[in-house]
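Below: one structure, written as structure tokens.
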Amino acid sequence: MSYQGNPLFGWMETTSSVRSIDPLPILLRYPDFRAKEFEFVVGGKFAEGYYIAQKFGESNPRFGGRRHLGEDWNTLAGGDTDYAAPVYAFGNGVVAETADYGGGWGKVIRIVHEHKKPNETVFVETLYAHLYTIDVEPGQLVKKTEMIGTIGDASGKYTAHLHLELRGKLGLPLGGGYSFQTDGYLSPIRYLINYGPRDKPITEEMFQPSPEKFQITQ
């Protein structure tokens with residue numbers, strides 16, 4: 001297969017189910033629901049038992065050297081050991097979209113967060129892909145660490161894992177998971193280093209893949 005343009009988008013099936021809503025009016029209606037901090041979306045507060053199998057911005061030769069626009073999270077045990085494991089909301093927010101795109105994306109959830117920083121308020125969006133189940137509805141308010149779905153394998157396209165994207169711009173198209181440019185996308189783990197749990201230090205090195213562990217090769 002020849003991959004042109006957006007790799008995962010090119011794997012989409014002809015039939016897809018998309019449900020979406022504008023989250024901004026809902027967020028404006030509930031100002032107390034702003035996100036002040038964020039937590040890991042798998043494995044509990046500190047993603048125990050998980051590692052980043054493919055980092056944000058990492059070049060993938062399978063897709064012509066395009067860079068990964070998210071992070072792939074997998075259990076240390078590898079394989080399908082995290083199939084149907086819980087996926088949690090990155091922070092307080094509103095579910096903007098639920099969809100089954102099929103193909104390389106599978107089931108997807110998009111959540112918009114109004115992040116109240118010390119000196120400003122910004123909007124960010126998280127995208128959770130390859131899900132087995134979706135357990136939320138568009139327009140639903142979700143709290144940080146609330147379960148929103150479960151890890152899947154895009155109907156067998158991959159070994160089970162979670163593809164997580166963090167977008168600093170709202171309204172970006174679905175895209176293809178990889179691109180030569182990463183404008184508008186942010187590193188989830190670096191965001192957590194800055195705005196995540198303060199109980200103990202968080203570093204990228206804590207979640208580095210080890211050579212003896214399974215690594216995802218999308």
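Computed from a predicted structure; not experimentally measured.
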Residues that [X] engages under salt bridge (Lys or Arg N to Asp or Glu O under 4.0 Å), provided they are two or more places apart:
{"X": "K107", "value": "none"}
{"X": "E146", "value": "none"}
{"X": "E165", "value": "R167"}
{"X": "R67", "value": "none"}

**Study point:** Test log, rule side chain to side chain contact (heavy atoms under 4.5 Å, CB included), inputs Y178 and H68
**Key:** CA-CA 5 Å; Y178 296 88; H68 197 219; 3.5 Å; yes
Considering residues at least two apart in sequence or located in another chain, which fulfil the side chain to side chain donor-acceptor pair (under 3.5 Å) criterion with [X]?
{"X": "Q140", "value": "none"}
{"X": "D32", "value": "none"}
{"X": "T126", "value": "H113, Y128"}

Looking only at atom types and distance, does a side-chain atom of [X] sit under 3.5 Å from a main-chain N or O of [Y], one as donor and one as acceptor?
{"X": "N74", "Y": "I52", "answer": "no"}
{"X": "S59", "Y": "G65", "answer": "yes"}
{"X": "Y158", "Y": "G104", "answer": "yes"}
{"X": "E114", "Y": "P31", "answer": "no"}
{"X": "T150", "Y": "T133", "answer": "yes"}

Review point. Is a side-chain donor-acceptor pair under 3.5 Å present for H161 with Y50?
Key: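 There is no such pair (donor and acceptor under 3.5 Å, judged by atom type) between the side chains of Y50 and H161.
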Practice item. Calculate, to the nearest 0.5 Å, the distance between atoms NZ and NZ belonging to K116 and K36 respectively. Key: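 If we round to the nearest 0.5 Å, K116:NZ and K36:NZ are 7.0 Å apart.
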Review point. Roughly how far, to the nearest 0.5 Å, is the CG atom of L166 from the CD atom of E71?
Key: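 The distance works out to 8.5 Å.
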Practice item. Could you work out the complete set of other residues in the hydrophobic cluster of F56, with links drawn between I, L, V, M, F, W and Y side chains under 4.5 Å apart? Key: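 The other cluster members (ILVMFWY side chains, heavy atoms under 4.5 Å, direct or chained) are L69, L172, Y185.
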Atom of [X], atom of [Y] and distance for their closest heavy-atom approach:
{"X": "P188", "Y": "L164", "answer": "CB-CD2, 3.8 Å"}
{"X": "V142", "Y": "A89", "answer": "CG2-CB, 4.1 Å"}
{"X": "A160", "Y": "D80", "answer": "N-OD1, 2.7 Å"}
{"X": "A35", "Y": "H115", "answer": "O-CD2, 3.1 Å"}

**Study point:** Atom NZ of K144: over 12 foreign heavy atoms under 6.0 Å
**Key:**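 Counting neighbours around NZ of K144, more than 12 heavy atoms of other residues, nucleotides or ligands fall under 6.0 Å, so yes.
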Review point. So does K117 have more than 12 non-hydrogen atoms from other groups sitting under 6.0 Å from NZ?
Key: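 Enclosed: over 12 neighbouring heavy atoms sit under 6.0 Å from NZ of K117.
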Within the 4.5 Å heavy-atom criterion, are [X] and [Y] side-chain neighbours or not?
{"X": "F40", "Y": "T145", "result": "no"}
{"X": "D135", "Y": "M147", "result": "yes"}
{"X": "I134", "Y": "V108", "result": "no"}
{"X": "L192", "Y": "F90", "result": "yes"}
{"X": "V41", "Y": "L162", "result": "yes"}

Should [X] and [Y] be counted in the same cluster of Ile, Leu, Val, Met, Phe, Trp and Tyr side chains packed under 4.5 Å apart?
{"X": "Y132", "Y": "I148", "value": "no"}
{"X": "F123", "Y": "L127", "value": "no"}
{"X": "L141", "Y": "V112", "value": "yes"}
{"X": "I111", "Y": "V94", "value": "no"}

Check your understanding: Taking 4.0 angstrom as the limit, do E97 and R19 come out as a salt bridge?
Key ->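 Salt bridge absent between E97 and R19.
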Exercise for review: Output every pair passing salt bridge (charged side-chain N to carboxylate O under 4.0 Å, His left out) with a member in residues 174-201, not counting sequence neighbours, ordered by first then second residue.
Suggested key: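 Counting only pairs at least two positions apart or across chains, the salt bridge (charged side-chain N to carboxylate O under 4.0 Å, His left out) contacts touching residues 174-201 are K45-D199, R190-E204.
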For residues 21-30, dump all side-chain donor-acceptor pairs below 3.5 Å to protein atoms at least two apart in sequence or in another chain.
from: D22; atom 1: OD1; to: L24; atom 2: N; distance (Å): 3.1

Ring centres of [X] and [Y] under 6.0 Å apart?
{"X": "W73", "Y": "H163", "result": "no"}
{"X": "Y101", "Y": "H130", "result": "no"}
{"X": "F46", "Y": "F207", "result": "no"}

Check your understanding: Please, which pairs that meet side chain to side chain donor-acceptor pair (under 3.5 Å) have at least one residue in residues 83-95, sequence neighbours excluded?
Key ->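 The answer is none; no pair qualifies.
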Point to revise | Residues forming a side-chain contact (heavy atoms from CB on, under 4.5 Å) with T81, sequence neighbours excluded | key: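 Applying side-chain contact (heavy atoms from CB on, under 4.5 Å) to T81 gives T75, A77.
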